[in-house]
Amino acid sequence: MLVRKILSSHCLFWLIPVILVLPFILRINTDSYYMIATGKYIIEHGIPETNPFLVMDGMDIAIQNWLYCVLHYYCSRDIGLIGAQLLSVVQYILFSYICFRLLHALGHTDMESGAFTCLSDICMAHVMKSARPALLTFIWLLLIIYGLEQYRNNDSKMILAVLPAASIFTANVQSSNLMFLFCPIIAFMAAYVANKFKKRSANTYISSLGISTAAAGLLAFVNPYQAANVFYLFQSLGHVEAPELQPLSLETWDAPFIVLGLVTVFIIFLIMCISPEIDYYRLFLLMGFGFLAFTCKRNIIFLIPAMMLVWNEVCRAVAWIASRIKEKWTQSIQRIQKMHQLAKLVLILAIVFLGFFWEIKLTENIFLTGDIRKQVYAMKDDGDLLQYFDNHGIDLDGTTIWPGNPALEMFGAKVLLEPRLEISDSAINHHADLYTEFKQVIGSYRQEQIDDYFSRYQFDYFIVDKGSKMDLYFQAHSSYQTCMETDEIVLYRNAE
C-alpha cells in the first residue's frame, strides 16, 4: 500500500533527479574545509573583522557566507564530512521540489516537469559538485520567480513577503549572489513599462511590488559586515583567478555548452518575437539571464530559470505559427507533431542515460567513519599531508604553511592564501594583493626576488607542485628539507 502510494504520488518526479546526480553532489572539495574552519571560529570567537587564518595580522575580511559556514560546521561537528554530504543532498531535494512545483504551476505535465527537473539538476550538479551556499540562494531566486508568476496571474501577494525574506537571507548566506535576486524584478518592471507603452492592461499593484523591492534593498544591510557584504560582488569582480569566475572559452570543455546555449537562446528569442502577443516579462528575463549565463562559468546555471519560463512561450508561439500554415501543409503539421512527441521521449531517455552513467563512482564518496580526521586521510594529497603531521606529532595549531592547504587550515594551520582567492585582493583586505604577489614569485626566474619574498614572510612548511620551478628552488637550498612527497606535491620544512 505504501509503495503504491509513493509510486502514484508526485514525489518520484522530483526525488529521482536527486538520485541521478548523487555521484556529483556527494563529492567533497576545499570549500567544505574552509567553511568548517570558518564556522568553528565564528562559534568560538564571534564574527571576525580581520582574517584569523592568515600568517599576516590585520588583514580585513568580509565573510560573505558566514551564516552558511556556521550551518556547515554544525552539520559536520559530530559526523564529519558526512554532515556536509547530507547538507548537499537536502539542498538538492529542496531545489528539485521547487523546480518541479514551478514547472507544474507553469502548466507542464508531471512527466514534462520531471524531465525538466532532471535536466536542471544535472546542469546544477555540473557547476556545484558539493554543498554550496549558492544553491540555497538559487532556490530563493526560483521562489521569487514563482511568486511573480502568482502575482501576475492570480494577484497573489506572496512575492511581497518572499522578496524581503530572500534578500536578508542571501545577504548572510551568499551575499555575492544578492544582486541576482533583483533580476526578475527588473524584468517585471521593464515589462510593466513596455505594456504601458503598448497600451496593454497591466498589473495595478505595481506600487506594492516597488515598496517590497525597496524594503528588500534595505534589509540586505542587516548583516554583520553591512555595506561590505551588500556590494561584495562588485569588490570581487576584478579578481578573475578564481576558476568559477573565469569567462567561458571556446577552447575548453565549455565549448559545447556555449554553442548549444547561444543557439538555443537565439532561436527562442526569434520564436518569441514572431509570436503575435509577446510576453515582455519572459522575453526580458531570457535576455537578462542569457547575458548573465555567458559572463562566467559559475553563471551558466542562470539558463535554468530562463528556459523554464520561456518554454511555454515557445510552445504558444509554435502553436500560433502552426495554425497559420495548417491549411496549406496539413500533412507536414502532423509529421511535426509526431516528431515533437518523439523528441520528448528521446529527451527523457537521454536524461536518464546521463544520470546513470556519470564517470564518477558513487562508492568513492562513501565514508565508513564519522571521524573527520580519518575522513580526510582518505583524500588524495590532503590526506597524505595530514597523516604526515599526525604521524610526526606536529601540532597544526599555529603552524605556518606556504601557500596553504584548506584541510590543514581546518585543523588550525596559518596560511598565505585561502580558497576564497578574492579576499587576498587589496580591494577586500585593504592591505595587500597577496595572490598577485604570490603569482609573481612562482613565475619569477630571479632567485634574488624569491629570496627577498621569503625573507619578508616566514613559514614553517612549504607545499609545492612536484617538478615545478619552486620545487627546484627548494631543492637547491640547504635551509629547506624535504619532508614527504606524493605523485603531485612535495612538502618542505624550514630548517633554519
Side-chain angles (χ1 to χ4, degrees), residues 2-26 86-128 131-132 134-154 156 158-159 162 165-166 169 180-181 184 264 268 282 285-286 289 300-316 341 343-356 358:
L2 179 61
V3 174
R4 184 182 302 172
K5 185 176 181 180
I6 293 175
L7 292 175
S8 63
S9 67
H10 291 165
C11 67
L12 287 181
F13 291 102
W14 50 268
L15 284 178
I16 288 178
V18 179
I19 297 173
L20 294 181
V21 298
L22 276 179
F24 262 162
I25 66 178
L26 290 182
L86 292 176
L87 180 60
S88 181
V89 172
V90 170
Q91 289 181 197
Y92 269 91
I93 289 175
L94 284 173
F95 173 73
S96 294
Y97 178 74
I98 298 299
C99 279
F100 182 82
R101 297 303 303 174
L102 175 58
L103 289 161
H104 221 259
L106 292 173
H108 295 290
T109 64
D110 288 349
M111 187 61 69
E112 291 173 342
S113 300
F116 211 113
T117 300
C118 279
L119 187 60
S120 300
D121 273 34
I122 290 171
C123 293
M124 185 65 73
H126 185 76
V127 177
M128 300 184 188
R132 299 284 185 93
L135 184 54
L136 286 180
T137 59
F138 201 82
I139 291 172
W140 278 105
L141 178 64
L142 293 181
L143 286 173
I144 290 173
I145 294 173
Y146 178 80
L148 284 174
E149 287 296 314
Q150 297 298 313
Y151 189 70
R152 297 172 73 209
N153 302 323
N154 306 319
S156 171
M158 182 185 78
I159 183 62
V162 168
F169 179 89
F180 300 142
L181 297 181
T264 304
I268 291 175
R282 293 180 179 176
L285 202 61
L286 173 66
F289 280 152
I300 197 72
I301 57 177
F302 284 107
L303 284 179
I304 295 174
M307 296 307 176
M308 283 183 185
L309 286 177
V310 302
W311 182 250
N312 278 352
E313 299 306 306
V314 172
C315 292
R316 187 164 62 88
Q341 297 300 324
K344 282 185 179 180
L345 179 61
V346 171
L347 175 63
I348 293 171
L349 292 177
I351 290 171
V352 173
F353 179 84
L354 285 172
F356 278 113
W358 289 118

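The analysis underlying the following values was restricted to heavy atoms, covering all of them including side chains, and did not include hydrogens, waters or symmetry mates.
Going from atom CG of L94 over to atom CG of L135 covers 8.5 Å, rounded to the nearest 0.5 Å. Between atom OG of residue S88 and atom CZ of residue F95 there is a gap of 12.0 Å, rounded to the nearest 0.5 Å.
Under the side chain to side chain contact (heavy atoms under 4.5 Å, CB included) criterion, L102 pairs with L106, L142, I145, Y146, M308, sequence neighbours left out. A165 is linked by a side chain to side chain contact (heavy atoms under 4.5 Å, CB included) to W140, counting only residues two or more places apart in sequence or in another chain.
Side-chain contact between Q150 and I159: absent, with no pair of heavy atoms (C-beta onward) separated by less than 4.5 Å. Contact annotation: the side chain of L141 never approaches that of T137 to less than 4.5 Å [non-hydrogen atoms, C-beta and beyond]. Taking 4.5 Å as the limit, every side-chain heavy atom of F100 sits out of range of all side-chain heavy atoms of S96.
The two atoms that bring I144 and A166 nearest to each other are CD1-CB, 3.9 Å, heavy atoms only. Here the shortest heavy-atom pairing between L143 and M158 reads O-CE, 4.2 Å. Taking all atoms of both residues into account, the shortest heavy-atom contact from Q91 to R132 is NE2-O, 3.0 Å. Of all heavy-atom pairs spanning P184 and L285, the tightest one is CA-CD1, 3.5 Å.
For residues 134-145, the set of pairs meeting the salt bridge (charged side-chain N to carboxylate O under 4.0 Å, His left out) definition, not counting sequence neighbours, is empty.
At most 12 heavy atoms of other shown residues, nucleotides or ligands fall within 6.0 angstrom of atom OH in Y97.
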